[in-house]
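Written below as structure tokens is the structure these notes are about.
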Amino acid sequence: MVGRVNDLSTAEKRERLETLAPEELAAIEAEDDGDEHDLPDLPNVDDYDEVRMRAAPNPNGPWHIGHARMPAVIGRYKERYDGSFVVRFDDTDPETKRPDLEAYDAILEDIDYLGFEPDEVILASDRLETYYEHARDLIDAGGAYTCSCSGETFSELKNDGEACPHREKDRETTRREFAAMVDGEYDAGEMVLRVRTDIDHKNPALRDWVAFRMIDTPHPREEASEYRCWPMLDFQSGVDDHLTGVTHIIRGIDLQDSAKRQRFVYDYFDWTYPEVVHWGHVQVDAYDVQLSTSTLKEKIDAGDLDGWDDPRAPTLKSLRRRGIRGEAVVEALAALGTSTSNVDLSMSSVYAENRELVDDEAERYFLVRDGEMFPIEGGPDAGHPPIHPDHESRGERTVPAADGVVVEPEDVPAEGDRVWLKGYACVRREGDSLVATGDDIDVVRAGDVDVIHWAPATDTVAVRLRTPDGDVSGVAEPDFGATEDGDVIQFERIGFARVDDHGDEESVAYWSHP
RNA sequence: GCUCCGUUGGUGUAGUCCGGCCAAUCAUCUUGCCCUCUCACGGCAAGGACCAGGGUUCGAAUCCCUGACGGAGCACCA
């Protein structure tokens with residue numbers, strides 16, 4: 001009895017259980033849902049009416065896998081706490097981190113692919129007036145001063161814990177000079193607005209940091225192209241977090257000092273700083289290409305990659321085209337947790353998650369790479385392997401064999417050896433032919449004969465399988481031609497793949513994973 | 001140089017706050033077996049870790065100290 005139950009597929013077991021004991025099923029599934037104990041609880045959740053988080057991407061290109069960590073994690077927390085999150089594009093550097101106008105939508109698409117919908121989307125470059133207002137308030141509160149020191153000069157003073165002469169100028173002068181900054185009356189480098197923190201704070205990183213600077217290069221967004229006085233991340237982000245009601249900030253360890261810097265501003269305004277979680281950097285194995293948007297952009301421009309969705313690229317667009325569901329990416333990334341140490345994401349865990357999602361649906365087909373042709377002697381005209389081994393009801397395929405077959409070089413039997421052509425019959429190698437032996441399937445069960453996949457010698461579908469390691473050519477059985485673009489299927493003994501396009505010359509499929 | 005932070009099997013993670021139930025969890029991974037007309041799915045089993053050394057304690061992965069290793073910041077980048 002137990003053996004019979006074990007023979008059933010998961011889906012079948014579920015169906016049986018549904019008829020036998022619906023309550024039990026509900027209990028089991030509820031348990032499954034509650035099984036997502038990957039992420040630690042957010043701190044002090046009870047202190048807030050609603051948990052509100054934000055993703056603050058710099059729109060400089062489509063996302064790589066590592067970028068997905070933020071939406072994956074805050075999306076999960078949103079679900080857990082019935083909270084919300086805002087996507088805020090921190091596009092306040094028109095020059096060195098110049099925004100890519102196409103990246104805004106590309107990033108929102110990537111978030112959609114992952115299965116999350118932001119509750120709000122805002123652009124920092126729309127909010128300059130807001131930042132200016134707060135800067136003026138900060139000046140009035142004595143919390144900022146304009147400074148015309150060169151970066152080097154100030155740095156030296158700062159490292160010695162010494163104030164620069166501008167620190168003690170009166171507020172009226174600062175007000176006037178800041179107004180001139182906003183009006184664009186200075187060139188880049190001539191004047192900045194500094195936050196007055198603690199000039200001999202033991203951590204040099206926190207001493208009187210820059211809040212606004214002049215940038216001559218116009219912002220690529222037309223709406224923001226007239227501004228020359230731009231806030232630095234720590235000021236802009238700090239003000240926005242408060243104004244948008246963010247209760248929990250999650251960010252990288254590279255911004256460990258940000259909270260400490262921003263607290264000075266918060267103190268001037270008498271605001272309460274949100275909860276902060278810092279996490280380490282993510283690396284992804286299995287890719288030769290570096291995980292960096294700028295590196296990817298260079299590779300694409302140089303023609304080393306076909307585009308952002310090249311299967312060799314570690315981007316979300318690539319994974320998507322390969323038929324990997326956003327949900328699988330989210331699962332794998334959420335499982336990394338939020339520790340402050342750097343972590344490695346292994347693609348095998350993404351693959352494992354995805355396999356679980358697609359295996360039950362994926363139809364099976366044969367693809368033969370670098371096939372060697374053999375005439376068949378004495379067998380039936382066609383083989384009929386099932387469309388899915390766990391679901392007989394889905395029917396079977398028809399793979400013609402009358403005109404001969406092709407098999408992969410590694411599978412070619414030695415002279416006199418037998419091999420079982422899956423869904424067809426047992427054959428023996430006799431010279432350049434494969435001769436049907438009439439053996440029963442028992443020879444396979446006994447372990448005497450290997451089962452291999454195969455394709456007809458004629459009337460096949462030419463396939464280019466695109467993989468992270470490059471393209472592979474082969475021929476697929478005729479029924480493969482009837483699949484739809486976008487279907488995720490399994491090439492038996494090769495791996496899962498997403499049907500990309502059935503062209504006139506050849507069909508293109510993207511390899512997903514084993 | 002100054003200032004922060006971290007270190008549990010190949011990978012990730014639980015446990016560390018409030019020492020004993022931890023000869024350390026779960027997943028992935030690898031290997032073997034079973035199932036199977038796929039090297040998929042499923043089942044079973046095995047493998048593999050508390051950075052090091054001191055200290056406190058009846059008892060330490062958990063507390064303290066020292067060291068090693070790793071990471072981050074000290075930008076008119078984000």
Side-chain angles (χ1 to χ4, degrees), chain A residues 2-3 5-11 13 35 37-40 56-60 90-93 95-98 124 147 149-151 154-155 158-159 161 188-194 201-207 209-215 230 232-234 236-237 251-258 260-261 278 280-281 283 285 331-333 335-337 339-353 355-356 358-360 362 364 366 383 385-386 388-390 420-426 441 443-445 449-453 490-496 513-514:
Chain A
V2 172
V5 172
N6 284 341
D7 284 347
L8 297 172
S9 73
T10 309
K13 274 187 264 192
D35 208 32
H37 49 71
D38 311 317
L39 293 168
N58 172 17
N60 64 344
D90 281 353
D91 54 349
T92 55
D93 182 355
E95 199 165 273
T96 52
K97 295 240 167 149
R98 190 171 175 78
C147 171
C149 290
S150 72
F154 188 85
S155 180
K158 179 202 69 182
N159 287 335
E190 283 186 350
M191 188 69 80
V192 299
L193 183 75
R194 288 187 187 282
H201 193 284
K202 65 173 183 173
N203 185 348
L206 309 187
R207 299 171 188 165
W209 45 274
V210 173
F212 285 82
R213 83 295 208 190
M214 305 303 298
I215 294 178
W230 287 90
M232 299 288 289
L233 174 79
D234 281 321
Q236 172 265 126
S237 176
R251 62 180 158 212
I253 43 173
D254 47 329
L255 264 26
Q256 273 175 128
D257 291 333
S258 273
K260 293 170 188 166
R261 278 199 276 253
H278 291 288
H281 298 290
Q283 291 185 337
D285 69 0
E331 274 295 337
L333 283 167
L336 296 182
S339 86
T340 54
S341 40
N342 294 346
V343 294
D344 290 334
L345 171 71
S346 60
M347 284 307 294
S348 63
S349 71
V350 176
Y351 295 161
E353 298 290 352
R355 195 180 297 121
E356 197 173 313
V358 301
D359 182 62
D360 200 61
R364 267 57 171 174
F366 291 153
H388 191 111
D390 300 334
W420 189 285
L421 299 178
K422 188 172 180 189
Y424 181 69
C426 185
I441 191 64
V443 298
V444 169
R445 293 190 178 131
V449 175
D450 290 334
V451 175
I452 66 167
H453 65 288
Q490 186 200 63
F491 285 128
E492 294 196 54
R493 302 212 303 145
I494 294 174
F496 293 86
H513 47 74

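Here is the naming used below: chain letters follow the sequence lines, and residue numbers restart at 1 for every chain. FYI, side chains are in, hydrogens and waters are out, and symmetry mates aren't considered; it's all heavy atoms of this structure. Owing to the predicted nature of the structure, the values given are computational and were not obtained by experimental measurement.
Residue Pro389(A) is in base contact, counting any heavy-atom pair closer than 4.0 Å across all strands shown. Here Ile215(A) lies out of heavy-atom contact (under 4.0 Å) with every strand. Residue contacts shown for Met191(A) are absent, as no nucleic acid heavy atom lies under 4.0 Å away. At the heavy-atom level, Ser258(A) lies nowhere under 4.0 Å from the strands shown. Residue Asn58(A) is in sugar-phosphate contact alone, with no base atom involved, counting any heavy-atom pair closer than 4.0 Å across all strands shown. At a threshold of 4.0 angstrom between heavy atoms, the contacts of His281(A) are confined to the sugar-phosphate backbone, with no base atom among them. Residue Phe496(A) is classed as a sugar-phosphate contact, given heavy-atom separations below 4.0 Å to backbone atoms only. Across all strands shown, Cys147(A) has no heavy atoms under 4.0 Å from either base or sugar-phosphate atoms. Ser150(A) comes within contact range of at least one nucleobase, with a heavy-atom separation under 4.0 Å. Residue contacts shown for Gly151(A) include a base, since a base heavy atom lies under 4.0 Å away.
Nearest heavy atom pair, residue Pro204(A) against residue Asn159(A), reads CB-OD1, 4.2 Å.
Of the candidate nucleotides C37(B), C76(B), U28(B), C37(B) has the atom nearest to the side chain of Val451(A). Of the candidate nucleotides A78(B), C37(B), A40(B), C37(B) has the atom nearest to the side chain of Ile441(A).
As rounded to whole Å, 16 Å separates atom P of U28(B) from atom CG of Asp285(A). Separating the CD atom of Glu353(A) from the P atom of C41(B) is a distance of 13 Å, rounded to the nearest angstrom. In this entry the distance linking CD1 of Ile452(A) with P of A40(B) reads 17 Å, nearest Å. Taking atom CH2 on Trp209(A) and atom C1' on G73(B), their separation rounds to 15 Å, with Å as the unit. Look at CG on Leu233(A): it is 18 Å from P on A72(B), rounded to the nearest Å. One interatomic measurement links the two molecules: NE2 of His201(A) to P of C74(B), which rounds to 15 Å at whole-angstrom precision. As a whole-Å value, the separation of Lys158(A) NZ from C74(B) C1' is 5 Å. The interatomic distance linking Asp390(A) (CG) with G43(B) (C1') rounds to 13 Å, in whole Å.
Along RNA chain B, the nucleotide nearest to Ala352(A) and the one nearest to Ala425(A) differ in position, and the one closer to the 5' end is contacted by Ala352(A). Residues Arg355(A) and Trp420(A) each lie close to RNA chain B; by heavy-atom proximity, the contact nearer the 5' end of the strand is made by Trp420(A).
For the P atoms, the distance from C17(B) to C77(B) is 43 Å, rounded to whole Å. Comparing the C1' positions of C22(B) and U36(B) gives an interatomic distance of 39 Å, to the nearest angstrom. Between the C1' atoms of C35(B) and C44(B), the separation comes to 11 Å (whole Å).
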Can you give me the N/O atom pairs linking the protein to nucleotides 30-34 of chain B at distances under 3.5 Å, or say none if there are none?
none

For each nucleotide in nucleotides 3-11 of chain B, reading 5' to 3', give B when a protein heavy atom comes within less than 4.0 Å of its base, S when such contact involves only the sugar-phosphate, and - otherwise.
SSSS----S
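When the side-chain nitrogen and oxygen atoms of Ser339(A) are compared with OP1 and OP2 of U13(B), one or more of them lie within a distance under 4.0 Å. Put simply, Ser349(A) has no side-chain N or O that comes within less than 4.0 Å of OP1 or OP2 on C29(B). For C77(B), the OP1/OP2 oxygens have a side-chain nitrogen or oxygen of Arg213(A) closer than 4.0 Å. Considering only side-chain N and O atoms, Thr92(A) lies under 4.0 angstrom from the phosphate OP1 or OP2 of A78(B). In this model, the phosphate group of C37(B) is approached by a side-chain N or O of Arg445(A) to a distance below 4.0 Å at OP1 or OP2.
Between the base of C77(B) and the side chain of Lys97(A) there is a donor-acceptor pair shorter than 3.5 Å.
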Please determine whether side-chain contact (heavy atoms from CB on, under 4.5 Å) holds for the pair Asn60(A) and Arg98(A), giving the CA-CA distance in whole Å, both sets of side-chain angles, and the decisive distance to 0.1 Å.
CA-CA 7 Å; Asn60(A) 64 344; Arg98(A) 190 171 175 78; over 6 Å; no
Dump the intermediate steps for side-chain contact (heavy atoms from CB on, under 4.5 Å) on Leu193(A) and Met232(A), then the final yes or no.
CA-CA 10 Å; Leu193(A) 183 75; Met232(A) 299 288 289; over 6 Å; no
Where each pair must be Watson-Crick or G-U wobble with both distances under 3.5 Å, what dot-bracket representation of RNA chain B is obtained, with crossing pairs in [ ] and other-strand partners as |?
(((((((..(((.......[.....)))((((((.......))))))...(((((..]....))))))))))))....
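With respect to the salt-bridge test (charged N to carboxylate O, under 4.0 angstrom), the residues Asp450(A) and Lys422(A) do not qualify.
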